[in-house]
Amino acid sequence: QVQLVESGGGLVQAGGSLRLSCAASGRTFSFYTMGWLRQTPGKEREFVSAISWNGRSTSYADSVKGRFTISRDNAKNTVYLQINSLKPEDTAVYYCAAKYLGGVATIATTKAFDYWGQGTQVTVSS
């Protein structure tokens, strides 16, 4: 139903900023709860953030609160992750994901999504 393509990753010095984008195919984007997760080699995939269909509800992992901001533009079928004050421990592959008619709180716990992007690499140098 939906294909996700991430962009915006790169190499950034600690303290810098990045904005990740996730472009979705289709015209039913507003029915999906959207989220971002990240993963480093040898570690479990970590929930980062999620946003409800209308953008009114959001959820963040404790490790990124105050530094990351998730947003969406349903007219453009795009979800964003603004990342500020980057730390070396933020280095990971960041994945965009979608859940049809999902709940933000539930997804934050279960990490159960219907669709996943290919990921974009974020590398933070110290």
Side-chain angles (χ1 to χ4, degrees):
Q1 182 67 35
V2 59
Q3 185 175 20
L4 308 173
V5 180
E6 303 97 330
S7 63
L11 175 63
V12 182
Q13 191 174 51
S17 299
L18 282 175
R19 189 182 74 163
L20 307 184
S21 298
C22 174
S25 65
R27 58 187 180 91
T28 59
F29 182 68
S30 63
F31 289 107
Y32 291 85
T33 295
M34 302 297 298
W36 290 93
L37 302 94
R38 65 188 183 185
Q39 188 171 27
T40 57
K43 296 184 178 180
E44 294 183 356
R45 190 166 296 182
E46 176 189 15
F47 170 80
V48 175
S49 185
I51 186 168
S52 63
W53 69 273
N54 58 7
R56 294 177 181 175
S57 297
T58 58
S59 180
Y60 296 93
D62 289 341
S63 60
V64 306
K65 286 182 178 178
R67 300 188 299 117
F68 290 23
T69 303
I70 190 171
S71 62
R72 66 190 297 165
D73 187 339
N74 288 350
K76 296 181 178 180
N77 283 9
T78 303
V79 62
Y80 305 94
L81 186 68
Q82 178 66 44
I83 309 175
N84 298 325
S85 301
L86 278 161
K87 303 176 180 179
E89 51 263 44
D90 293 321
T91 295
V93 176
Y94 284 71
Y95 296 91
C96 177
K99 176 67 176 179
Y100 185 68
L101 300 180
V104 170
T106 299
I107 290 175
T109 301
T110 65
K111 297 182 287 186
F113 289 89
D114 298 315
Y115 303 96
W116 298 80
Q118 294 298 310
T120 184
Q121 177 71 48
V122 173
T123 303
V124 184
S125 61
S126 58

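The shown structure was predicted, so the numbers you read here are calculated from the model rather than taken from an experiment.
- Under the 4.5 Å side-chain heavy-atom criterion for ILVMFWY residues, a single connected hydrophobic cluster contains both Ile51 and Ile83.
- Other residues, nucleotides and ligands contribute over 12 non-hydrogen atoms within 6.0 Å of the CD atom of Gln82.
- Using a 4.5 Å cut-off between side-chain heavy atoms of Ile, Leu, Val, Met, Phe, Trp and Tyr, with links allowed through other members, Leu37 and Leu20 fall into different hydrophobic clusters.
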*Should Thr91 and Gln121 be marked as a side chain to side chain contact (heavy atoms under 4.5 Å, CB included) after you check the CA-CA gap, both sets of side-chain angles, and the distance that decides it?*
CA-CA 8 Å; Thr91 295; Gln121 177 71 48; 4.0 Å; yes

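- Taking all atoms of both residues into account, the shortest heavy-atom contact from Arg45 to Lys111 is O-NZ, 2.7 Å.
- The heavy-atom pair separating Asn74 from Ser30 by the smallest distance is ND2-CB, 3.5 Å.
- One hydrophobic cluster, built from ILVMFWY side chains closer than 4.5 Å, cannot hold both Val93 and Trp36; they sit in different ones.
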*Does the pair Val79 and Ile70 meet the rule for a side chain to side chain contact (heavy atoms under 4.5 Å, CB included), with working shown?*
CA-CA 7 Å; Val79 62; Ile70 190 171; 4.0 Å; yes

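- Both Tyr115 and Met34 are members of a single hydrophobic cluster when ILVMFWY side chains are connected at heavy-atom separations under 4.5 Å.
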Only distances under 3.5 Å count here; give the side-chain donor-acceptor pairs of residues 95-108 to other protein atoms, sequence neighbours excluded, each with its distance to 0.1 Å.
unit_1 : atom_1 : unit_2 : atom_2 : d
Lys99  : NZ     : Asp114 : OD1    : 3.4

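- The salt bridge (charged side-chain N to carboxylate O under 4.0 Å, His left out) search around Glu46 returns Arg38, not counting sequence neighbours.
- Qualifying salt bridge (charged side-chain N to carboxylate O under 4.0 Å, His left out) partners for Lys43, counting only residues two or more places apart in sequence or in other chains: none.
- Within 6.0 Å of atom CZ in Phe31, 12 or fewer heavy atoms from other residues, nucleotides or ligands are found, so the atom counts as exposed in its surroundings.
- When every heavy atom of Leu4 is checked against every heavy atom of Val2, the shortest pair comes out as CD2-CG2, 3.7 Å.
- With hydrogens and angles disregarded, a donor-acceptor distance shorter than 3.5 Å links the side chain of Ser49 to the backbone of Ser59.
- Applying the side-chain contact (heavy atoms from CB on, under 4.5 Å) test to Leu18 and every residue at least two apart in sequence or in another chain returns Val12, Leu86, Val122.
- Salt bridge status for Lys65 with Asp62: present, with a side-chain N to carboxylate O gap under 4.0 Å.
- Of the possible donor and acceptor atoms, one in the side chain of Arg72 sits under 3.5 Å from a partner among the backbone N and O of Ser52.
- Residue pairs meeting the side chain to side chain donor-acceptor pair (under 3.5 Å) criterion with at least one member in residues 2-18, sequence neighbours excluded, are Ser17-Asn84.
- Minimum heavy-atom separation, Gly35 to Phe113: N-CE2, 3.9 Å.
- Remark: Cys22 SG to Phe29 CZ distance equals 7.0 Å, nearest 0.5 Å.
- Minimum interatomic distance between Ser21 and Thr78 (heavy atoms only, all atoms of both residues): CB-CG2, 4.5 Å.
- Sorted pairs that involve residues 46-93 and meet ring-ring contact (aromatic ring centres under 6.0 Å, His included), not counting sequence neighbours, are lacking altogether.
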